[in-house]
Enquirer: 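My questions all concern the structure below.
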Amino acid sequence: TQRYGPTGCTLLGADHESAVAWLEPDNVFWPYYLGYAYDEFVESFYLAQREITTPHPHSHAIKIMAGIALHRGRVAEMQTGEGKTLAAVAPASLNALSGNTVHIHTVNDYLARRDAAWMGPIYEQLGLSVGCIQEGMSVADRRDAYNCDVTYVTAKEAGFDLLRDGLCLEPDDRVLRPVHFVIVDE
C-alpha cells in the first residue's frame with residue numbers, strides 16, 4: 001500500500017494540475033503509443049484520477065487497489081464508508097474511454113441518482129457522459145440514459161429492460177445497447 005499512499009502520484013511524480021492535464025481526453029492514451037506496459041498505464045491512470053478527485057474524499061490506497069481489482073474483473077469487498085462508489089470511478093472511466101459501454105448497478109434508485117450526480121463531474125472532466133435510469137422513466141429517456149458512456153442503474157431496472165428488449169419486434173424499439181463492463185456497487 002505504500003506505493004499508492006496518501007503522498008500523491010508516486011508513479012507520475014505529479015501535482016494536481018499535472019494530473020488533470022495528463023487525464024485530458026486527448027492525452028489519456030499516450031502511454032499506449034509510447035510503449036508503456038499496460039499495468040503501468042493502469043496504475044498511473046488511477047493515481048492521476050486520484051489527484052483530480054480532491055473535491056471528493058481523498059482516494060487512499062485501498063480505493064486504488066479495489067479499482068485495479070475491479071478493472072481486472074475481480075471482486076473487491078469493502079466495508080461501509082471505505083469508498084466503494086469512488087473506487088468504481090477509475091475502472092468505469094478507463095473502460096468507457098476505450099469505447100466500452102459501462103453500467104454501474106446499484107441497490108436502489110436513490111443510490112443510482114446520487115452516485116451519478118456525485119461522480120458525474122469526474123466523468124465529465126474526462127469527456128465522458130453519465131446517465132441514470134430511474135423507475136418509471138419513459139422509453140425515450142431510458143434510451144438516452146443507456147446511450148451515455150457510463151450509466152447508473154439498479155440491477156432490477158437493468159434486468160427488466162433486458163427482458164423488455166427481448167420482447168421487442170423492432171430493433172429500434174430496444175433501449176439497451178451491448179454492455180461491455182458492469183460494476184455491481186452493492
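Reckoned from all heavy atoms, side chains included, excluding hydrogens, waters and symmetry mates. This one's a predicted model, so the numbers in the text were calculated from it and none came from an experiment.
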Enquirer: Same cluster or not: Val182 versus Val150, using hydrophobic residues (I, L, V, M, F, W, Y) connected whenever any side-chain heavy atoms lie under 4.5 Å apart?
Expert: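 Val182 and Val150: separate clusters.
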Enquirer: How far does CD1 of Ile183 sit from OG1 of Thr106, to the nearest 0.5 angstrom?
Expert: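 Spacing of CD1 (Ile183) from OG1 (Thr106) equals 12.5 Å.
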Enquirer: With side-chain hydrogen bond (donor to acceptor under 3.5 Å, both in side chains) as the rule and sequence neighbours excluded, what pairs involving residues 162-175 come up?
Expert: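 Every pair satisfying side-chain hydrogen bond (donor to acceptor under 3.5 Å, both in side chains) with a residue in residues 162-175: Asp161-Arg164.
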Enquirer: Quick check: does any side chain N or O of Thr154 sit under 3.5 Å from a backbone N or O of Asp109, one acting as donor and the other as acceptor?
Expert: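 Looks like no, no N/O pair under 3.5 Å.
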Enquirer: How close do Val153 and Ala112 get, heavy atom to heavy atom, and via which atoms?
Expert: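 Closest approach of Val153 to Ala112, heavy atoms only: N-CB, 4.2 Å.
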Enquirer: To the nearest 0.5 angstrom, please state how far the CZ atom of Arg142 sits from the CD1 atom of Ile133.
Expert: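 It is 5.5 Å, given to the nearest 0.5 Å.
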Enquirer: Testing the basics here: between Gly120 and Val130, what is the closest heavy-atom pair and its distance to 0.1 Å?
Expert: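 Heavy atoms only, the tightest pair is CA-CG2, 4.0 Å.
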Enquirer: When rounded to the nearest 0.5 angstrom, what distance separates NZ in Lys156 from NE2 in His105?
Expert: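 Rounded to the nearest 0.5 Å, the NZ-NE2 separation comes to 13.5 Å.
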Enquirer: Hey, quick one: are Tyr146 and Tyr152 part of the same hydrophobic cluster, counting side-chain heavy atoms closer than 4.5 Å, chains of contacts allowed?
Expert: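 Unlinked, Tyr146 and Tyr152 end up in two clusters.
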Enquirer: Closest approach of Ala158 and Leu176, non-hydrogen atoms and distance?
Expert: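 Heavy atoms only, the tightest pair is O-CD1, 4.3 Å.
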Enquirer: Does Glu77 CD have over 12 foreign heavy atoms under 6.0 Å away?
Expert: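 Counting other residues, nucleotides and ligands, CD of Glu77 stays at 12 neighbours or fewer.
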Enquirer: Does the pair Asp115 and Asp185 meet the rule for a side-chain contact (heavy atoms from CB on, under 4.5 Å), with working shown?
Expert: CA-CA 10 Å; Asp115 294 352; Asp185 187 358; 3.8 Å; yes
Enquirer: Going through the distances and angles, do Ser129 and Asp149 end up as a side-chain contact (heavy atoms from CB on, under 4.5 Å)?
Expert: CA-CA 5 Å; Ser129 58; Asp149 299 310; 3.2 Å; yes
Enquirer: Under a 4.5 Å side-chain heavy-atom rule over Ile, Leu, Val, Met, Phe, Trp and Tyr, are Val89 and Val102 clustered together?
Expert: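 The answer is yes; both residues are in one hydrophobic cluster.
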Enquirer: What pair of heavy atoms forms the shortest contact from Thr151 to Cys148, and how long is it?
Expert: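 Looks like OG1-O, 4.0 Å.
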Enquirer: For the atom pair SG (Cys132) and CE (Met137), what is the distance rounded to the nearest 0.5 Å?
Expert: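 One finds 7.0 Å between SG of Cys132 and CE of Met137.
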Enquirer: Measure the spacing between NZ of Lys84 and CG of Leu70 and express it to the nearest 0.5 Å.
Expert: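 Rounded to the nearest 0.5 Å, the NZ-CG separation comes to 11.5 Å.
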Enquirer: Looking at every heavy atom in both Pro91 and Phe181, which two are closest together, and how far apart are they?
Expert: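 Minimum heavy-atom contact is O-CE2, 4.0 Å.
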Enquirer: Of all heavy-atom pairs between Ala66 and Ala87, which one has the smallest distance, and what is that distance?
Expert: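 Minimum heavy-atom contact is CB-CB, 4.1 Å.
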Enquirer: Please say yes or no: joined through hydrophobic side-chain contacts below 4.5 Å, possibly via intermediate residues, are Ile104 and Trp118 part of one cluster?
Expert: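 Both belong to a single hydrophobic cluster.
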Enquirer: State yes or no: do Val184 and Leu111 share one hydrophobic cluster built from I, L, V, M, F, W and Y residues joined by side-chain heavy-atom distances below 4.5 Å, directly or via other members?
Expert: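 No, Val184 does not connect to Leu111 through the hydrophobic network.
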Enquirer: For a side-chain contact (heavy atoms from CB on, under 4.5 Å) check, start with the C-alpha distance between His180 and Asn95, then their side-chain angles and the critical distance, and finish with the verdict.
Expert: CA-CA 8 Å; His180 298 96; Asn95 279 276; over 6 Å; no
